[in-house]
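Note: hydrogens, waters and symmetry copies are ignored here, and every other heavy atom, side chains too, is used.
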Amino acid sequence: MPGYSIRALQPDDVEVMLQFGLAHKSIFERSIEARPDDFYQPEAVQQHIAEFLLLEQQALALPTLIFNTDKELIGRANIKDIDQVTKSAYVGYRIAEHWSGKGVASFALYELIQQAKQMGLMVLFACVATENRASMQVLKKAGFQQMETIPQVAIVQGKAVAGYLMWLKL
């Protein structure tokens, strides 16, 4: 899809990740669990990246960043909790609010699905809050189907949020 690119997370992405997190913190916290305030420090972001890259080395995750044509970070998309026995994993994404509704999440999800196939995975899962209709549409458009209801998929602003476990057979 023109206008966007996706690449693997790199050790030197600390500053771009920190700025992205700070710029979109309040928006993300309306629909997903808040990160602790001390996360928004260069050392904490560096540790977060190091942990994700270790998981990637162990073939347990694939963390990626999404950029626009101006090289602005506009989102994150990850494959995580890779299970080599069941050949399954979870996908997730965070898109900057001013890029929502422009196909970025669909682009990212498509790219994750292609990567998952190359990795030999057979099933992808995604959790989505029942109130997050936009993300639900992105998942359904990509072929995900509702598997079960989860009474507490996240804690958002101190309240339990219900959601769905979605799945896609590759």
Side-chain angles (χ1 to χ4, degrees), residues 1-21 24 28 31-33 35 45-129 132-148 150 153-154 163-170:
M1 200 175 280
Y4 316 119
S5 62
I6 191 167
R7 71 159 171 79
L9 181 65
Q10 298 171 359
D12 62 351
D13 285 328
V14 174
E15 186 60 28
V16 70
M17 288 264 301
L18 178 59
Q19 294 310 314
F20 179 78
H24 305 290
F28 291 147
S31 59
I32 58 177
E33 288 187 48
R35 296 186 188 274
V45 173
Q46 188 170 28
Q47 179 65 31
H48 176 75
I49 290 171
E51 289 169 2
F52 248 128
L53 294 178
L54 180 60
L55 290 172
E56 183 178 20
Q57 287 176 350
Q58 297 169 339
L60 298 174
L62 178 65
T64 67
L65 302 178
I66 309 155
F67 295 88
N68 65 13
T69 54
D70 295 326
K71 305 291 186 220
E72 173 192 5
L73 179 60
I74 59 173
R76 295 183 60 187
N78 302 312
I79 298 174
K80 62 181 192 167
D81 300 331
I82 297 171
D83 185 327
Q84 295 296 344
V85 174
T86 62
K87 300 292 183 194
S88 66
Y90 283 79
V91 294
Y93 43 84
R94 294 175 181 224
I95 308 300
E97 185 177 42
H98 60 283
W99 285 92
S100 292
K102 297 180 179 173
V104 179
S106 293
F107 163 78
L109 187 55
Y110 173 82
E111 293 294 323
L112 292 180
I113 290 168
Q114 298 314 307
Q115 286 290 328
K117 288 177 180 178
Q118 289 178 6
M119 296 164 71
L121 297 176
M122 299 177 67
V123 178
L124 290 177
F125 297 103
C127 294
V128 60
N132 193 342
R133 298 191 197 300
S135 190
M136 179 73 73
Q137 281 305 112
V138 168
L139 291 164
K140 285 183 176 179
K141 182 175 147 187
F144 279 76
Q145 298 176 1
Q146 185 177 328
M147 190 170 165
E148 64 185 63
I150 303 169
V153 73
Y164 301 112
L165 176 63
M166 309 285 289
W167 74 284
L168 173 70
K169 186 175 189 291
L170 301 176

For residues [X] and [Y], determine if any side-chain heavy atom of one lies less than 4.5 Å from a side-chain heavy atom of the other.
{"X": "Leu65", "Y": "Met17", "answer": "yes"}
{"X": "Leu124", "Y": "Phe144", "answer": "yes"}
{"X": "Val91", "Y": "Ile113", "answer": "no"}
{"X": "Lys140", "Y": "Met166", "answer": "yes"}
{"X": "Tyr93", "Y": "Ser135", "answer": "yes"}

When you check the side-chain N and O atoms of Glu111 and Gln115, is any donor under 3.5 Å from an acceptor?
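No pair is found: no donor N or O on one side chain lies under 3.5 Å from an acceptor on the other.
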Find the distance between [atom1] ([X]) and [atom2] ([Y]) and round it off to the nearest 0.5 Å.
{"X": "Tyr164", "Y": "Ile150", "atom1": "OH", "atom2": "CD1", "answer": "10.5 Å"}
{"X": "Gln114", "Y": "Lys117", "atom1": "CD", "atom2": "NZ", "answer": "4.5 Å"}
{"X": "Leu54", "Y": "Glu51", "atom1": "CG", "atom2": "CD", "answer": "8.5 Å"}
{"X": "Met147", "Y": "Leu168", "atom1": "CE", "atom2": "CG", "answer": "12.5 Å"}
{"X": "Leu62", "Y": "Leu112", "atom1": "CG", "atom2": "CG", "answer": "7.0 Å"}
{"X": "Cys127", "Y": "Asn132", "atom1": "SG", "atom2": "CG", "answer": "12.0 Å"}

Contacts under 3.5 angstrom, residues 71-80 side chains, donor-acceptor by atom type, not counting sequence neighbours:
{"residue": "Glu72", "atom": "OE1", "partner": "Asn68", "partner atom": "ND2", "Å": "2.9"}
{"residue": "Glu72", "atom": "OE2", "partner": "His98", "partner atom": "NE2", "Å": "3.4"}
{"residue": "Arg76", "atom": "NH1", "partner": "His48", "partner atom": "NE2", "Å": "3.3"}
{"residue": "Arg76", "atom": "NH2", "partner": "His48", "partner atom": "NE2", "Å": "3.2"}
{"residue": "Asn78", "atom": "OD1", "partner": "Thr64", "partner atom": "N", "Å": "3.4"}

Write down the atom of [X], the atom of [Y], and the distance for their closest heavy-atom approach.
{"X": "Val153", "Y": "Ala129", "value": "CG1-CA, 4.1 Å"}
{"X": "Gln10", "Y": "Leu53", "value": "C-CD1, 4.1 Å"}
{"X": "Leu121", "Y": "Leu170", "value": "O-CD1, 3.4 Å"}
{"X": "Ala126", "Y": "Tyr90", "value": "N-CD2, 4.3 Å"}

On the 0 to 90° scale, with breaks at 30° and 60°, tag the Phe107-Tyr4 ring pair as parallel, tilted or perpendicular.
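Judged by the thresholds at 30° and 60°, the geometry between Phe107 and Tyr4 is tilted.
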Sequence neighbours excluded, every pair satisfying salt bridge (charged side-chain N to carboxylate O under 4.0 Å, His left out) that has a member inside residues 9-20
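Output for this query lists Arg7-Asp13.
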Would you say Tyr110 has more than 12 foreign heavy atoms packed within less than 6.0 Å of its OH?
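Counting other residues, nucleotides and ligands, OH of Tyr110 stays at 12 neighbours or fewer.
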Residues two or more places apart in sequence or in another chain: which of them pass side-chain contact (heavy atoms from CB on, under 4.5 Å) with Gln84?
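With neighbours one apart ignored, the set is Ala59, Ile82, Lys87.
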